[in-house]
Amino acid sequence: MPKRHALLLAAPLAFVASPAFADEIYGGVYAHGVDTPFTFDTGESGVDLQAGYRFDELEGLDFLGGPQPYVFASVNLSRDTNFAGAGLSWKAELGERFYLRPGVGLVIHDAPSVRVDPATRIRTDLGSRILFEPEIALGLDLGRGASVEASWVHISNARLFNSEQNPGIDTIGVRVNLAL
């Protein structure tokens, strides 16, 4: 694994103040550049490895449903866009063992600042260095502090930073969570 990929995967751990406040760590494998209605094609593909750290629910924010702050990084093994970010997620129980986990955050990425598709002459860059990162996962509690989630992570500028274009990147995969 190239040195910059290892650094990007380790970056979220720099935000961890103390393991005593930690809720869980997670990691997964994702398809990169999945075609969905939420993005324009960037010409990227491959497999991403994602790793993150989810903290305990924020005290005092119960009126928001008890969000959990998280930090994470995503490394593309095909040398396309890597990104790292932070946000808030919520866990909504859907029964005894199933749950839904929506989240929203911001990421910083290393994609080219300007990229144009040579065939169509349409810009395919992401529009800004910092992007929005909504995500959603459907999870299954496996017991003993372990769970598995089918997860979708989207990154884009939502046309807020560049009104002329909004390519984004969707990743879809599976991640495993381990409570600490």
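Across every non-hydrogen atom of Ser156 and Pro167, the tightest pair is CB-O, 4.1 Å. Residues Glu133 and Leu106 come closest through the heavy atom pair CB-N, 4.4 Å. Annotation for Phe132 and Ala158: closest pair CD1-CB, 4.0 Å, computed over non-hydrogen atoms.
Using modelled atom types, no side-chain atom of Arg101 and backbone atom of Trp90 make a donor-acceptor pair closer than 3.5 Å. With Asn76 contributing its side chain and Asn82 its backbone, the two residues share no donor-acceptor pair below 3.5 Å. Panel note: side chain Ser78, backbone Asp80; no donor-acceptor pair is recorded below 3.5 Å. No donor-acceptor pair under 3.5 Å is formed between the side chain of Asn177 and the backbone N or O of Ala146. For Gln68 (side chain) and Phe55 (main-chain N/O), a donor-acceptor pair under 3.5 Å exists by modelled atom type. Of the possible donor and acceptor atoms, none in the side chain of Arg129 sits under 3.5 Å from a partner among the backbone N and O of Ile108. Counting only distance, with no hydrogens or angles, the side chain of Asp48 and the backbone of Tyr30 share no donor-acceptor pair below 3.5 Å.
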Please determine whether side chain to side chain contact (heavy atoms under 4.5 Å, CB included) holds for the pair Leu49 and Leu77, giving the CA-CA distance in whole Å, both sets of side-chain angles, and the decisive distance to 0.1 Å.
CA-CA 8 Å; Leu49 298 179; Leu77 299 180; 4.1 Å; yes
List the steps, then state whether side chain to side chain contact (heavy atoms under 4.5 Å, CB included) holds for His109 with Leu131.
CA-CA 8 Å; His109 65 87; Leu131 302 173; 3.4 Å; yes
Between Leu180 and Asp23, does the side chain to side chain contact (heavy atoms under 4.5 Å, CB included) criterion hold? Intermediate values first, please.
CA-CA 6 Å; Leu180 300 176; Asp23 188 356; over 6 Å; no
Pair Ile155, Phe83 - check side chain to side chain contact (heavy atoms under 4.5 Å, CB included), show working.
CA-CA 9 Å; Ile155 63 171; Phe83 51 94; 3.7 Å; yes
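Under a hydrophobic clustering in which Ile, Leu, Val, Met, Phe, Trp and Tyr are joined whenever their side-chain heavy atoms come within less than 4.5 Å, directly or via other members, Leu100 and Val104 fall into different clusters. Tyr99 and Leu140 fall into different hydrophobic clusters, defined by Ile, Leu, Val, Met, Phe, Trp and Tyr side-chain heavy atoms under 4.5 Å apart, directly or through other members. Note on Val34 and Leu138: same hydrophobic cluster, where clusters join Ile, Leu, Val, Met, Phe, Trp and Tyr whose side-chain heavy atoms are under 4.5 Å apart, directly or indirectly. Residues Leu94 and Leu142 fall within the same hydrophobic cluster, defined by Ile, Leu, Val, Met, Phe, Trp and Tyr side chains chained together at heavy-atom separations under 4.5 Å.
The aromatic rings of Phe38 and Trp152 sit tilted relative to each other, their planes meeting at an angle between 30° and 60°.
To the nearest 0.5 Å, atoms CG (Leu64) and CG (Leu58) are separated by 9.0 Å. The structure places OH of Tyr26 at 8.0 Å from OG of Ser151, a figure rounded to the nearest 0.5 Å. Note that OG1 of Thr81 is 5.0 Å distant from NE2 of His32, once rounded to the nearest 0.5 Å. We find the CD1-CD1 distance between Ile136 and Ile172 to be 12.0 Å, quoted to the nearest 0.5 Å.
With hydrogens and angles left out, the side-chain atoms of His154 and Glu135 include no donor and acceptor closer than 3.5 Å.
At a threshold of 4.0 Å, the pair Glu44-Arg79 does not count as salt-bridged, since none of the basic side-chain nitrogens sits closer than that to a carboxylate oxygen. A salt bridge does not link Glu149 with Lys91: none of the charged nitrogens is closer than 4.0 Å to a carboxylate oxygen. Salt bridge absent: Glu24 and Arg175 never bring a charged side-chain N and a carboxylate O closer than 4.0 Å.
For residues 27-37, no residue pair satisfies the salt bridge (charged side-chain N to carboxylate O under 4.0 Å, His left out) rule, not counting sequence neighbours.
Just one of Leu126, Asp125, Asp170 meets the side chain to side chain contact (heavy atoms under 4.5 Å, CB included) condition when paired with Thr42; it is Leu126.
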